[in-house]
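Here is how names work: the chains are called A, B, and so on, in the same order as the sequence lines, proteins then strands, and each is numbered from 1.
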Protein chains: 2
Amino acid sequence: MMDKEPTSWMSDAEISAHLRAHDVTPTQQRVDIARILFARPQHLSADQVLSIVNQETQLVSKATIYNTLNLFARKGLVREVIVDPSKVFYDSNVSDHHHFYNVDSGELMDIDSQALKLDQLPTLPEGTEADGVDIIIRVRSRG
Amino acid sequence: MMDKEPTSWMSDAEISAHLRAHDVTPTQQRVDIARILFARPQHLSADQVLSIVNQETQLVSKATIYNTLNLFARKGLVREVIVDPSKVFYDSNVSDHHHFYNVDSGELMDIDSQALKLDQLPTLPEGTEADGVDIIIRVRSRG
DNA sequence: CACGCTTTTAGACAAAGTCTAGTCGTTTAC
DNA sequence: GTAAACGACTAGACTTTGTCTAAAAGCGTG
Ligand SMILES: [Mn+2]
Ligand SMILES: [Mn+2]
Ligand SMILES: [Zn+2]
Ligand SMILES: [Zn+2]
């Protein structure tokens with residue numbers, strides 16, 4: 001699990017290795033999707049992934065897009081960001097960080113991990129364990 | 001705007017006054033919806049509001065439920081909590097606070113405002129102004 | 001009462017996401 | 001080599017949440 005997370009371009013062989021390291025069998029469609037996601041740190045909706053993948057020659061079905069994004073999220077290859085009630089964003093940056101969300105433009109931006117850190121969690125509810133902390137700073141366009 | 005926010009039971013007259021104080025004309029349907037929401041601090045989906053309202057005698061249409069919840073949110077009578085990709089929760093507690101979200105049970109719980117506070121915001125993106133901060137601590141049921 | 005304005009409504013519609021049942025491809029078993 | 005078994009992929013139906021439209025109802029004012 002201590003593999004180097006991708007920050008820039010990866011070859012198809014590196015993508016396959018990355019999927020295998022996260023216990024995901026690399027198939028043609030999964031590599032196609034991963035190539036788009038891991039091109040750079042970004043936030044894409046399922047719909048965006050679908051239309052980018054299908055600009056290329058290969059056709060990948062809607063069902064496979066959703067199956068794959070859910071699988072990637074479950075395996076820790078991407079992170080779901082829930083910030084817009086109408087769609088989920090998939091974040092190819094899985095390092096610990098938080099987000100600005102521009103409610104006017106729909107733009108989602110990373111907050112540098114050092115710039116914002118909770119020093120300590122409050123006591124969790126009885127019988128529960130921590131699963132993650134999401135901090136979303138909503139902003140409006142000024143002017 | 002410095003009115004006392006409701007924390008427990010309100011008469012219909014008090015509900016109407018509360019709506020008027022937030023620049024919302026109190027109608028029969030809006031008071032019916034407000035009576036449910038402001039019964040106590042709670043987190044309800046539109047669907048839950050619809051079915052609770054329609055247990056009573058009056059029938060309120062789906063369109064009116066959505067129109068009213070959106071209006072209440074816009075006027076600051078309730079707060080939208082976006083934590084589950086499939087539905088919005090409407091929070092009748094509009095004071096400054098954050099949430100635990102149990103991803104197993106779907107339960108949403110308040111975090112006492114003193115128990116968790118960001119000391120300072122990071123520098124906002126160019127040309128934007130703050131609109132709100134949401135902190136969500138996701139937890140899983142242990143056992 | 002007649003007018004204009006706001007609110008409510010039924011039901012059509014849209015978008016995101018899931019599910020089903022069949023197909024395709026790749027191993028494994030013989 | 002062939003067949004069974006298994007995993008992955010797919011088209012398209014379906015579900016759910018929410019919005020929209022166009023008409024009706026309510027309401028205040030003259
Ligand atoms: Mn999902
Ligand atoms: Mn909404
Ligand atoms: Zn991010
Ligand atoms: Zn709350």
Side-chain angles (χ1 to χ4, degrees), chain A residues 12 15-16 19-20 22-37 43-54 56-75 77-91 103 106 108, chain B residues 15-16 19-20 22-36 43-54 56-75 77-91 103 106 108:
Chain A
D12 281 12
I15 289 172
S16 291
L19 299 194
R20 264 187 287 263
H22 285 254
D23 198 31
V24 170
T25 308
T27 64
Q28 184 59 60
Q29 291 87 339
R30 287 170 181 172
V31 170
D32 285 349
I33 293 168
R35 200 184 303 110
I36 286 157
L37 287 169
H43 310 103
L44 296 175
S45 66
D47 203 58
Q48 288 178 299
V49 173
L50 178 64
S51 60
I52 296 171
V53 168
N54 286 343
E56 329 262 311
T57 50
Q58 303 298 342
L59 265 271
V60 180
S61 72
K62 185 176 66 147
T64 296
I65 298 287
Y66 278 101
N67 286 345
T68 300
L69 289 172
N70 284 332
L71 177 67
F72 282 9
R74 191 154 20 91
K75 297 297 190 176
L77 283 157
V78 297
R79 167 172 159 189
E80 293 185 341
V81 181
I82 295 161
V83 75
D84 178 324
S86 76
K87 60 178 162 299
V88 173
F89 285 104
Y90 293 88
D91 192 342
V103 296
L108 192 56
Chain B
I15 289 172
S16 291
L19 299 195
R20 262 188 288 261
H22 284 255
D23 199 31
V24 170
T25 308
T27 65
Q28 183 60 58
Q29 289 87 340
R30 287 170 182 172
V31 170
D32 285 349
I33 293 168
R35 200 184 302 112
I36 287 158
H43 310 105
L44 295 175
S45 66
D47 204 56
Q48 288 178 298
V49 173
L50 178 64
S51 62
I52 297 171
V53 168
N54 287 343
E56 327 262 313
T57 49
Q58 299 305 335
L59 265 272
V60 179
S61 72
K62 186 178 66 148
T64 296
I65 298 287
Y66 279 101
N67 287 344
T68 300
L69 289 172
N70 284 333
L71 177 68
F72 282 10
R74 192 156 16 92
K75 297 297 190 175
L77 284 157
V78 297
R79 168 172 160 189
E80 292 184 343
V81 181
I82 295 161
V83 75
D84 177 324
S86 77
K87 58 177 162 300
V88 173
F89 285 104
Y90 294 88
D91 191 343
V103 297
L108 191 57

[X] has an atom [atom1]; how far is it from atom [atom2] of [N], in whole Å?
X	N	atom1	atom2	value
B:Leu69	C:dT8	CG	P	12 Å
B:Leu50	D:dT16	CG	P	14 Å
B:Asn54	C:dT8	CG	P	14 Å
B:Leu19	C:dT7	CG	C1'	14 Å
B:Arg74	D:dG18	CZ	P	16 Å
A:Phe89	C:dA15	CZ	C1'	14 Å
A:Leu44	C:dA16	CG	P	14 Å
B:Asp32	C:dT7	CG	C1'	14 Å

For [X], all residues meeting salt bridge (Lys or Arg N to Asp or Glu O under 4.0 Å), sequence neighbours excluded:
X	result
B:Asp47	none
A:Lys62	none
A:Arg79	A:Asp134

Item checked: B:Tyr66 side chain near D:dG18 phosphate (N/O to OP1/OP2, under 4.0 Å) ->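 Yes, such a contact exists.
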
Checklist line | By side chain to side chain donor-acceptor pair (under 3.5 Å) - contacts of A:Thr64 (at least two apart) | finding: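 Checked A:Thr64 against side chain to side chain donor-acceptor pair (under 3.5 Å); matches are A:Ser61.
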
Next item on the list: Return the set of residues passing side chain to side chain donor-acceptor pair (under 3.5 Å) with A:Ser16 (not counting sequence neighbours), or none when no residue passes.
Entry: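 Side chain to side chain donor-acceptor pair (under 3.5 Å) check on A:Ser16 returns nothing, list empty.
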
Note to self: Quick one: does any side-chain atom of B:Ser51 pair with a main-chain N or O of B:Gln48 as donor and acceptor, under 3.5 Å?
What the structure shows: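 A pair under 3.5 Å: yes.
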
Between the protein and nucleotides 5-12 of chain D, which nitrogen or oxygen pairs are less than 3.5 angstrom apart?
{"from": "D:dA8", "atom 1": "OP1", "to": "A:Arg30", "atom 2": "NH1", "distance (Å)": "3.3"}
{"from": "D:dC9", "atom 1": "OP1", "to": "A:Thr27", "atom 2": "OG1", "distance (Å)": "2.4"}
{"from": "D:dC9", "atom 1": "OP1", "to": "A:Gln29", "atom 2": "OE1", "distance (Å)": "3.0"}
{"from": "D:dC9", "atom 1": "O3'", "to": "A:Gln29", "atom 2": "NE2", "distance (Å)": "2.8"}
{"from": "D:dT10", "atom 1": "OP1", "to": "A:Leu59", "atom 2": "O", "distance (Å)": "3.1"}
{"from": "D:dT10", "atom 1": "OP2", "to": "A:Ser61", "atom 2": "N", "distance (Å)": "3.1"}
{"from": "D:dT10", "atom 1": "OP2", "to": "A:Ser61", "atom 2": "OG", "distance (Å)": "3.3"}
{"from": "D:dT10", "atom 1": "OP2", "to": "A:Thr64", "atom 2": "OG1", "distance (Å)": "2.8"}

Next item on the list: Looking at every strand, decide which applies to B:Ser45 at a 4.0 Å heavy-atom threshold: base, sugar-phosphate, or nothing.
Entry: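 Result for B:Ser45 = nothing.
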
